[in-house]
Structure formats: C-alpha cells, structure tokens
Colleague: 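Sharing a structure here in structure tokens format.
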Number of protein chains: 2
Amino acid sequence: MIETWIIEDNTSYSTLIRSAINQSDWCTCEHEWTTVADALKYLSKGDIPDVILTDINLPGMNGIEGIKEIKAKIKEIEIIVLTVFDDNEKIFDAICNGANGYLLKSSSPEEILEAIKTVVDGGSSINAGLARKVFNIFSSLKPAEHTYGLTKRENEILNYLVDGKTASEIAKVTFTSPLTVQTHIKNIYTKLQVNTRSGLVSKAIKEGLISKGGKKLFGNGL
Amino acid sequence: MIETWIIEDNTSYSTLIRSAINQSDWCTCEHEWTTVADALKYLSKGDIPDVILTDINLPGMNGIEGIKEIKAKIKEIEIIVLTVFDDNEKIFDAICNGANGYLLKSSSPEEILEAIKTVVDGGSSINAGLARKVFNIFSSLKPAEHTYGLTKRENEILNYLVDGKTASEIAKVTFTSPLTVQTHIKNIYTKLQVNTRSGLVSKAIKEGLISKGGKKLFGNGL
DNA sequence: CTCAAAATACCTAAAACTCGGTATTGCACT
DNA sequence: AGTGCAATACCGAGTTTTAGGTATTTTGAG
C-alpha cells in the first residue's frame with residue numbers, strides 16, 4: 001500500500017485529490033498539510049510516506065524550498081509537484097531541488113494516480129507539454145559554440161588560465177618561455193575582447209570555451 | 001498526414017518501424033536513410049518531413065551531430081532519438097542539441113507512434129525511466145550551496161570581480177577606497193582558498209557563488 | 001549596553017599582469 | 001617560391017595583484 005501526503009493550502013482542492021487517492025485500492029492519503037513546516041514536524045516524528053504531493057505557492061516556506069528540506073531529511077520520499085505554475089523557472093527550480101514529478105493542477109485524478117505509480121516505480125512523471133519545456137531549458141543551457149578563432153595552443157593555455165595558473169606556471173607545464181605564454185594570452189585577450197584575467201576566465205566559462213578531453217562542458221563540470 | 005523519415009543503419013529494424021508507421025492511417029514513412037548525410041542531401045532538395053526518427057550510433061556522422069545539423073537547416077522538424085543507449089551523457093547531449101523526444105529501441109510500435117503524435121502536438125516524448133534520468137541530470141547541475149562564510153560585502157565584491165573589474169573599479173562603484181576592496185579580496189581569497197584572481201573567478205562560477213538578484217545562477221546565466 | 005563580527009582604511013615589497021611593440025622559425029597551401 | 005598563419009621569444013613602462021601586516025569605525029545580536 002502506497003502512503004501519500006498532500007501539502008496544499010487550498011483545502012477544498014486537497015480534499016478532492018485526497019478522496020480520489022483513497023478511492024484507489026493500492027494507494028492511501030492519511031495526511032494533508034497546509035504548510036511545509038507542518039509536514040516537516042510530522043516527518044520528524046517518524047511517520048514517513050512514500051510520496052508527497054506538494055503545491056508551490058504555500059504560506060510560509062514555499063514548495064520549492066520545501067522539496068529541498070524534505071529531501072534533506074529523507075531523500076527516499078518521492079516528491080511530486082502539483083501546481084498551476086508552468087513557467088520555466090518554477091519547473092527548473094523544482095527539478096533542481098529534487099522533485100520527482102511535476103504535474104499541473106489541471107491534471108485529472110487518473111493522471112495524478114498514474115504519476116504516483118510512476119514515481120514509486122522509479123520513474124519521473126511529467127506530461128508531454130512540460131517535458132517540452134524541460135527539453136528547451138536543457139538546450140538553452142548549451143552555450144553557443146563561439147570559438148573566437150582560438151588556435152590549439154591558445155585553447156590549451158586558456159584552459160590553464162581557467163585553472164588559476166599564472167603565466168610562468170603555464171610556461172613550465174608547456175615547456176615554453178613565460179614570455180611566449182604572455183604573448184599567447186595577449187592574443188587571446190584580443191580575440192575574446194577582454195582586458196583582465198578575471199574577465200577572460202569569466203567569459204571562457206560562461207561561453208563554454210573550456211574543453212575537457214575535447215568535450216565542451218558547463219560551468220559545473222558536466 | 002504526418003510525414004516521417006527514419007535514419008537507422010540497421011535496415012531490418014528500420015523496415016520494421018517503417019511498416020508499423022505505414023500501418024497507421026495518420027502517419028507515413030516514405031524515406032529511410034542509413035546515414036545523416038543521405039538525409040541532409042535529400043533535405044536540401046526541398047522534401048521536408050514533419051518528424052525524423054534517428055539512431056545515435058550511425059556510420060559517418062553520429063545521430064547527436066545529426067540532430068544539430070538537421071535543426072540548423074530546418075528547425076521546425078521534430079526529431080525523436082531512437083536508440084539503445086540510455087546513459088546520461090547521450091541523453092544530455094541529444095536534448096541539448098535539440099532532440100524533441102528520446103525513445104529506447106525496446107519501445108513498442110504503439111509507443112513510437114504515440115511519441116510521433118506527441119511531438120507534432122508540441123510536446124516532448126520521453127518515458128518515465130528516462131525522465132528520471134533527465135531529472136537527475138538537472139539536479140546534479142545545481143551546484144552544492146557552499147557559501148564559504150562570505151559576508152554580504154564580500155559577496156558583492158566577488159560579483160564585480162567575476163565581471164572582470166579591477167579593485168579600483170570596484171572601489172569606484174562601491175564608494176570605498178581601493179585599499180578596502182583589496183582587503184575584502186584578500187579575505188575572500190582566504191575563505192575560498194585560492195591565490196589568483198582567475199582561480200577565484202573560476203571557483204566562484206563553477207560553484208555557483210554568483211548571485212543575480214538574490215538568485216543563484218549557472219555558468220551560462222540561467 | 002556590550003561584545004564580536006564586519007567593514008573600513010592604510011603600509012610595503014615582491015610578483016604578476018597589461019599593452020605597445022618587434023622578430024624568428026616552421027609548416028601548410030598554392 | 002611565395003604567402004599566411006601559428007608558435008615561439010623578447011623589451012619596456014606602467015598598472016594591478018598578492019601577501020604580509022596593523023588599526024579604526026560600524027553594525028548586529030544577545
């Protein structure tokens with residue numbers, strides 16, 4: 001039997017969902033809370049559900065923060081966001097904070113039950129329309145592939161610079177003169193149109209100019 | 001009538017899918033190619049499908065590159081990846097390059113047709129298991145929230161540094177002495193355990209220490 | 001109020017960086 | 001054989017940064 005909780009300040013809506021859940025023969029909802037704080041308090045007492053359905057717009061702590069708090073406490077709980085918001089930012093934040101599903105309140109009770117089943121089976125639940133948004137967020141994450149016409153050597157040196165190395169340190173690992181490295185750096189500055197070391201590093205990371213084994217990567221290493 | 005193409009070097013598999021598609025009364029598949037190059041050549045002739053199903057492991061140009069090339073030519077074409085690979089990297093790359101759906105070859109013909117319908121309706125198609133992976137990639141993108149105990153002022157200055165500003169420039173915009181700014185920078189260095197400007201900027205961006213209106217952001221501005 | 005942390009400001013000296021140059025060598029392409 | 005680009009190396013002057021310090025004034029929490 002799957003145990004679920006609902007965190008939702010609109011009690012008439014939560015009651016609706018709750019009764020739909022309790023009508024199934026494999027899933028129950030014993031508790032509904034109006035704030036994240038209430039849910040967290042009860043969690044501390046050792047009563048742990050399999051799935052939590054949560055709104056985002058809540059009094060006190062919002063649902064996004066709530067996901068983080070709940071996951072920090074017991075990461076095994078599957079969390080499904082149930083909200084009216086469908087903007088990229090909310091979706092992005094919710095997923096980043098550990099949401100396992102994202103549903104709109106326009107979803108039918110059947111869809112909600114389906115989503116619960118999906119997450120307990122180790123999947124993630126999101127409808128096609130929202131999935132498109134997730135896909136779009138992803139592809140917008142990919143920086144445009146400016147190369148600024150950097151040569152192989154310049155690119156190599158750029159990578160060392162981003163590591164925080166000085167010109168002389170780079171000279172050592174590349175077996176060249178520090179003066180040569182300075183020349184390269186000067187040329188990189190011109191090509192990237194920056195005039196400080198920090199501006200260079202910033203631009204290089206933000207525009208994905210850094211390669212790791214030939215692959216572009218994001219600021220966070222992926 | 002939805003027109004689809006298949007790019008797949010395993011012709012016995014593609015023939016199977018093609019006949020399944022052609023058995024529907026709303027979707028046809030006139031062309032199947034074994035390489036991206038073939039598809040691109042035909043695209044140039046003006047014959048444009050609504051949806052392309054593509055493998056990833058292809059002779060010559062791989063499917064990931066293929067997505068980019070096809071989208072660059074005609075971005076309206078919906079592209080569904082159909083592959084045996086389910087590793088994070090392939091999924092990530094495919095979506096970043098503009099894939100609109102991602103299916104495993106274990107999918108049934110019904111699921112494939114469902115996916116085609118989904119993408120032409122403006123959604124994105126991905127099954128629950130893969131969606132979980134996408135969700136996990138997202139949450140791994142979120143840098144851990146180290147703060148390194150930076151004070152408000154230090155954080156402010158850090159942001160200017162990441163912009164490539166010098167100490168004196170920062171002093172001007174903060175209406176303080178350059179010496180004060182230097183002191184702050186020195187303290188930031190100690191807290192972040194770096195000893196060059198570039199190392200600082202690099203670490204700050206990679207670990208998401210940069211705030212924009214109170215919000216964390218990624219290296220790419222999101 | 002009081003105490004600690006934060007923010008402010010200054011000093012010095014060495015090291016590193018920025019920017020304007022010049023110049024040689026080697027390699028690929030025509 | 002000649003042209004162009006990449007990579008190498010150097011000079012000099014001025015600026016900025018780094019790494020030790022010290023010290024005063026705010027400010028926020030108890």
Side-chain angles (χ1 to χ4, degrees), chain A residues 145-207 209-214 216, chain B residues 145-207 209-214 216:
Chain A
E145 285 191 41
H146 300 294
T147 65
Y148 293 97
L150 292 188
T151 67
K152 212 168 74 179
R153 196 56 147 176
E154 286 165 352
N155 241 305
E156 185 189 351
I157 289 174
L158 177 58
N159 276 276
Y160 288 124
L161 289 175
V162 171
D163 273 355
K165 288 196 166 56
T166 65
S168 353
E169 286 171 339
I170 297 172
K172 276 194 192 94
V173 295
T174 55
F175 304 104
T176 57
S177 151
L179 298 160
T180 302
V181 176
Q182 287 293 6
T183 303
H184 284 305
I185 293 174
K186 218 184 330 184
N187 293 332
I188 297 173
Y189 275 41
T190 307
K191 288 181 179 176
L192 295 223
Q193 299 183 75
V194 293
N195 59 352
T196 63
R197 196 60 63 89
S198 41
L200 175 72
V201 171
S202 175
K203 192 160 190 172
I205 296 178
K206 288 182 179 171
E207 308 213 356
L209 263 43
I210 317 308
S211 57
K212 198 171 197 172
K216 302 269 172 193
Chain B
E145 284 191 41
H146 300 295
T147 64
Y148 294 98
L150 291 188
T151 67
K152 213 169 73 180
R153 195 56 147 176
E154 286 165 351
N155 240 306
E156 185 189 352
I157 289 174
L158 177 58
N159 276 277
Y160 288 124
L161 288 175
V162 171
D163 274 355
K165 288 196 166 56
T166 65
S168 356
E169 286 171 339
I170 296 172
K172 277 194 190 92
V173 295
T174 55
F175 303 105
T176 57
S177 151
L179 299 161
T180 303
V181 176
Q182 288 293 7
T183 303
H184 284 306
I185 293 174
K186 217 178 343 179
N187 293 331
I188 297 173
Y189 275 43
T190 307
K191 288 180 179 177
L192 295 223
Q193 299 182 74
V194 293
N195 59 355
T196 62
R197 197 58 62 88
S198 41
L200 175 73
V201 171
S202 175
K203 191 160 190 171
I205 296 178
K206 288 182 179 171
E207 309 213 356
L209 264 43
I210 317 309
S211 57
K212 199 172 198 170
K216 302 268 171 194

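Note that this is a predicted model, so its numbers are computed, not measured. Within every chain, numbering begins at 1; the chains are lettered A, B, ... in the order of the sequence lines, protein sequences first and strands thereafter.
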Colleague: Nearest whole angstrom, please: distance from the C1' of D/dT17 to the CD of A/Glu169.
Modeller: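 It works out to 14 Å between those atoms.
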Colleague: At less than 4.0 Å, is any side-chain N or O atom of B/Tyr189 found next to OP1 or OP2 of D/dA19? Yes or no.
Modeller: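 Negative; the distance criterion is not met.
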Colleague: Working note: A/Arg197 + A/Ile185, criterion side-chain contact (heavy atoms from CB on, under 4.5 Å); need CA distance, chi angles, decisive distance, verdict.
Modeller: CA-CA 9 Å; A/Arg197 196 60 63 89; A/Ile185 293 174; 3.7 Å; yes
Colleague: Whole-Å distance between D/dA6 C1' and A/Asn155 CG?
Modeller: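 Atom-to-atom, A/Asn155 to D/dA6, this comes out as 14 Å.
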Colleague: Roughly how many Å is it from CZ in A/Arg197 to C1' in C/dC19, rounded to a whole number?
Modeller: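 It works out to 13 Å between those atoms.
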Colleague: side-chain contact (heavy atoms from CB on, under 4.5 Å), that's the test. Do A/Asp163 and B/Ser202 meet it? Break it down for me.
Modeller: CA-CA 7 Å; A/Asp163 273 355; B/Ser202 175; 5.8 Å; no
Colleague: Going through the distances and angles, do B/Ile188 and B/Val194 end up as a side-chain contact (heavy atoms from CB on, under 4.5 Å)?
Modeller: CA-CA 9 Å; B/Ile188 297 173; B/Val194 293; over 6 Å; no
Colleague: Could you tell me if A/Glu207 and A/Tyr148 have a donor-acceptor pair between their side chains, going purely by distance under 3.5 Å?
Modeller: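 The answer is yes; a qualifying pair exists.
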Colleague: Is there a side-chain contact between B/Thr183 and B/Leu179 in this structure, where contact means two heavy atoms from C-beta onward sitting under 4.5 Å apart?
Modeller: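 The answer is no; the side chains never approach within 4.5 Å.
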Colleague: Set out, in order, the CA-CA distance, both residues' side-chain angles and the distance that settles side-chain contact (heavy atoms from CB on, under 4.5 Å) for A/Tyr160 and A/Val181, then state yes or no.
Modeller: CA-CA 11 Å; A/Tyr160 288 124; A/Val181 176; over 6 Å; no
Colleague: Calculate the interatomic distance between A/Gln182 atom CD and D/dT15 atom P; express it in whole Å.
Modeller: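 My rounded result for the distance is 17 Å.
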Colleague: Whole-Å distance between C/dA16 P and A/Leu161 CG?
Modeller: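 It is 14 Å, rounded to the nearest whole Å.
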Colleague: Tell me the interatomic distance from A/Ile185, atom CD1, to D/dA9, atom P, rounded to whole angstroms.
Modeller: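 In whole Å, D/dA9 P and A/Ile185 CD1 are 14 Å from each other.
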Colleague: Which protein N or O atoms sit under 3.5 Å from an N or O of nucleotides 4-10 of chain C?
Modeller:
unit_1, atom_1, unit_2, atom_2, d
C/dA7, OP1, B/Arg153, N, 3.1
C/dA7, OP2, B/Thr151, OG1, 2.1
C/dT8, OP1, B/Arg153, NE, 3.1
C/dT8, OP1, B/Arg153, NH2, 2.6
C/dT8, OP2, B/Arg153, NE, 2.8
C/dT8, OP2, B/His184, NE2, 2.8
C/dA9, OP2, B/Ser177, N, 2.7
C/dA9, OP2, B/Thr180, OG1, 2.9
C/dA9, O5', B/Thr180, OG1, 3.2
C/dC10, OP2, B/Ser177, OG, 3.0
C/dC10, N4, B/Thr183, OG1, 3.1

Colleague: Mind calculating the distance between CG (A/Asn195) and C1' (D/dG14) to the nearest angstrom?
Modeller: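 Distance check: A/Asn195 CG to D/dG14 C1' gives 15 Å.
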Colleague: What integer distance in Å separates A/Glu156:CD from D/dT8:C1'?
Modeller: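 Atom-to-atom, A/Glu156 to D/dT8, this comes out as 14 Å.
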